[in-house]
A.B. asks: 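My questions all concern the structure below.
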Number of protein chains: 2
Amino acid sequence: MNFFEENIHLMEGISGFEEAFQSIMKYKKFPKNTILHEAGTICDDFYIIISGIGRVFFYKEDKDITCHFAAENETMTAIDSFIQRKKSKYCVEALEELEVFKISYFDLENLLLINPEFERFVRLFMQHAYVELADRIGDLQLNTAHERYEILLKKSPYLFQRVAAKHIASFLGISPETLSRIRSK
Amino acid sequence: MNFFEENIHLMEGISGFEEAFQSIMKYKKFPKNTILHEAGTICDDFYIIISGIGRVFFYKEDKDITCHFAAENETMTAIDSFIQRKKSKYCVEALEELEVFKISYFDLENLLLINPEFERFVRLFMQHAYVELADRIGDLQLNTAHERYEILLKKSPYLFQRVAAKHIASFLGISPETLSRIRSK
DNA sequence: AAATCTTGTTGATAATTGTCAAGAAATCAC
DNA sequence: GTGATTTCTTGACAATTATCAACAAGATTT
C-alpha cells in the first residue's frame with residue numbers, strides 16, 4: 001500500500017503502527033461519478049486512493065470549482081468538515097471508478113486516543129500537506145494562467161489525460177475557454 | 001498569553017502541558033525591519049507574536065511577494081524549512097517592533113519526544129492552520145482582485161492601518177497600482 | 001444508430017489587471 | 001527640520017483573461 005510506502009518513514013521505530021492503522025482502513029469501491037460526500041453535511045470519511053481519480057470541489061453561486069484532485073496513493077476528504085466537525089462547503093466525487101481505503105473520523109480518533117504515539121504520524125502527515133498547500137498559494141498569487149498551466153502539466157501530467165478540461169480550468173482558477181486557448185499553443 | 005487562550009481547549013485534560021510548553025518558549029524582542037530569517041538558510045525558529053506585526057515573504061525574480069502576515073497572538077515561521085529541515089524559500093521580517101515567544105525546532109522536537117501526548121496539540125494546531133490555508137486557496141482561485149480586497153479588509157482591517165500597501169498588494173496577488181485604484185472607491 | 005446532452009473550441013468583444021512613467025505624499029536619515 | 005529616499009497615486013496604454021455566442025466533437029440514452 002503506497003500511501004504507507006511514501007510516509008512510513010515518518011514512523012520508523014513505532015511498533016504496531018502499521019497493523020493498527022490498517023485495521024481501521026476499510027476497502028471500498030465506488031462507480032464513476034459517485035458523489036462520496038455532499039456539501040452541507042458533516043464528513044466522517046477520509047479516503048486514500050488505491051486506483052482511480054477523484055476530486056474535491058465547491059460551489060460559488062452556480063459555478064463548480066475544483067480545489068483538489070487525488071489519484072493513486074493520494075488522499076482526499078472534505079477537509080473543513082472532517083477536521084472541524086461542522087457542515088462542509090466541499091463535495092467529494094469519483095471521476096473514475098474508484099478503489100479506496102476509507103478511514104472513519106471516529107475510528108481514527110479512537111485509534112489516536114488509544115495509541116497517542118500515533119499522533120505523531122498524523123501530525124507529520126498534516127505538516128507535509130500544509131507545506132504543499134502553502135506552495136500552491138504562492139503559485140496562485142504570482143503566476144499567470146499560462147505559468148500555472150505549465151506548472152500543473154509538469155507536476156501532474158496524468159490529469160490532462162484523465163480529467164475533464166473544465167475541472168482543470170477551475171482548479172487553475174481560469175475559464176475553460178482560456179485553458180483551451182492555452183492548450184492550443 | 002493569547003496563543004494559548006485561543007488553543008488551550010485543544011488540550012483539556014492533559015496535565016503539565018501548559019507549563020512544559022511555556023518552558024520552551026523564549027521571550028524575544030526585535031526592532032522594526034529586522035530580518036528574523038533569511039531565505040536560503042534553514043529555519044529553526046517558530047514565532048508566536050505578543051505585540052507588533054510581522055510578515056513572511058519570498059522572491060519571484062526581483063519581486064517581493066508577501067505570503068503571510070502575523071499580528072498579536074498569531075504565529076509565523078519559514079514553514080517549509082521549519083518542517084522539512086531544508087533551505088527555505090521564505091524570509092521572515094518584523095514590520096513593527098516585535099515582541100515574540102520563540103520556540104526552537106529542537107526544543108519542540110525534544111519536548112514532543114519526551115511527552116508524546118503533546119503531539120496531539122501540535123497536530124490539532126496544524127489541522128486548523130491547514131483548513132485556513134485551504135480557504136485562502138479557494139479565495140485566490142475564484143475571486144476578483146476587488147473581492148479579495150473586500151474579504152481581507154473584513155477579516156483583517158488592522159492590516160490596512162499598520163502595513164505598507166505594497167505588501168498587502170502582493171499578499172492579494174495584485175499590483176500596488178491596482179490596489180491603490182481599488183481603495184480609491 | 002439517432003437524438004440528446006455535455007464538453008471543448010473558436011471568434012468577437014468587454015472587463016480586469018498589469019506595466020510604465022510622472023508627480024505627490026509620506027517616511028527616513030542626518 | 002531639510003534633503004533624500006521610498007511609497008502611493010494617477011494617467012495612458014498594453015496584455016491578460018472573462019464572457020457570450022456559435023458550432024464542432026464526444027458521450028450518453030433510448
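In what follows, chains carry the letters A, B, and so on, assigned in the order in which the sequence lines appear, proteins first and then strands, with residues in each chain numbered from 1.
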A.B. asks: Between Ile168(B) (CD1) and dT9(D) (P), how many Å, whole number?
C.D. replies: 11 Å
A.B. asks: Looking at His167(B), Glu74(B), Arg162(B), which one forms a side-chain contact (heavy atoms from CB on, under 4.5 Å) with Phe69(B)?
C.D. replies: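 Exactly one pass, corresponding to His167(B).
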A.B. asks: Does Lys32(A) put a side-chain nitrogen or oxygen below 4.0 Å from OP1 or OP2 of dA27(D)?
C.D. replies: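 No.
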A.B. asks: Can you check the Gln161(A) CD to dG26(D) P distance for me, whole Å?
C.D. replies: 15 Å
A.B. asks: If you pin Val163(A) and Ala145(B) to their nearest nucleotides in DNA chain C, which one's is more 5'?
C.D. replies: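 With Val163(A) and Ala145(B) compared, the 5'-side residue is Val163(A).
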A.B. asks: Under a 4.0 Å threshold between the charged nitrogen and the carboxylate oxygen, would Asp64(B) count as salt-bridged to Lys166(B)?
C.D. replies: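 Looking at Lys166(B) and Asp64(B), the cut-off is not met.
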A.B. asks: Nucleotide range of DNA chain C contacted by chain B, 5' to 3', under 4.0 Å to a heavy atom?
C.D. replies: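 Going 5' to 3' along DNA chain C, contacts run dT17(C) to dC28(C).
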A.B. asks: With a 4.0 Å cut-off on heavy atoms, is Arg181(B) in touch with a base, just the backbone sugar-phosphate, or nothing at all?
C.D. replies: base
A.B. asks: Across the strands shown, which category fits Lys185(A) at heavy-atom distances under 4.0 angstrom: base, sugar-phosphate, nothing?
C.D. replies: nothing
A.B. asks: Would you kindly give the CG-to-C1' distance between Asn143(B) and dA18(D), to the nearest whole Å?
C.D. replies: 15 Å
A.B. asks: Whole angstrom is fine here: how far is it from CG in Asp62(A) over to C1' in dT19(D)?
C.D. replies: 13 Å
A.B. asks: If each of Thr178(A) and Lys166(B) is mapped to the nucleotide of DNA chain D with the nearest heavy atom, which maps nearer the 5' terminus, i.e. the 5' end?
C.D. replies: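 Looking at the nearest nucleotide for each, Lys166(B) comes out on the 5' side.
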A.B. asks: Whole angstroms only, please: what is the CD1-P distance between Ile174(A) and dT19(D)?
C.D. replies: 12 Å
A.B. asks: Estimate the overall bend of the helix from dA1(C)-dT30(D) to dC30(C)-dG1(D) from the end axes over five pairs each, rounded to 10 degrees.
C.D. replies: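 The helix from dA1(C)-dT30(D) to dC30(C)-dG1(D) shows an end-to-end axis angle of 60°.
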A.B. asks: In terms of relative ring orientation, are Phe30(A) and Tyr47(A) parallel, tilted or perpendicular, with 30° and 60° separating the classes?
C.D. replies: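 Geometry flag for Tyr47(A) against Phe30(A): perpendicular rings.
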A.B. asks: Less than 3.5 Å between a donor and an acceptor, one on the side chain of Glu177(A) and one on the base of dC20(D), is that the case here?
C.D. replies: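 Per atom types, the contact qualifies.
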A.B. asks: Restricting to side-chain hydrogen bond (donor to acceptor under 3.5 Å, both in side chains), what partner residues turn up for Arg120(A), sequence neighbours left out?
C.D. replies: Glu109(B), Glu119(B)
A.B. asks: Establish, for the pair Arg123(A) and Tyr130(B), whether the NZ or CZ atom is under 6.0 angstrom from the six-membered ring centre and no further than 45 degrees off its axis.
C.D. replies: no
A.B. asks: Whole-Å distance between dT7(D) C1' and Leu179(B) CG?
C.D. replies: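 My rounded result for the distance is 12 Å.
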A.B. asks: For Leu142(B) and dA18(D), what is the distance between atoms CG and C1' respectively, to the nearest whole Å?
C.D. replies: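 One finds 14 Å between C1' of dA18(D) and CG of Leu142(B), rounded.
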A.B. asks: Parallel, tilted or perpendicular: which describes the rings of Phe46(A) and Phe82(A), with under 30° parallel and over 60° perpendicular?
C.D. replies: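 Judged by the thresholds at 30° and 60°, the geometry between Phe46(A) and Phe82(A) is tilted.
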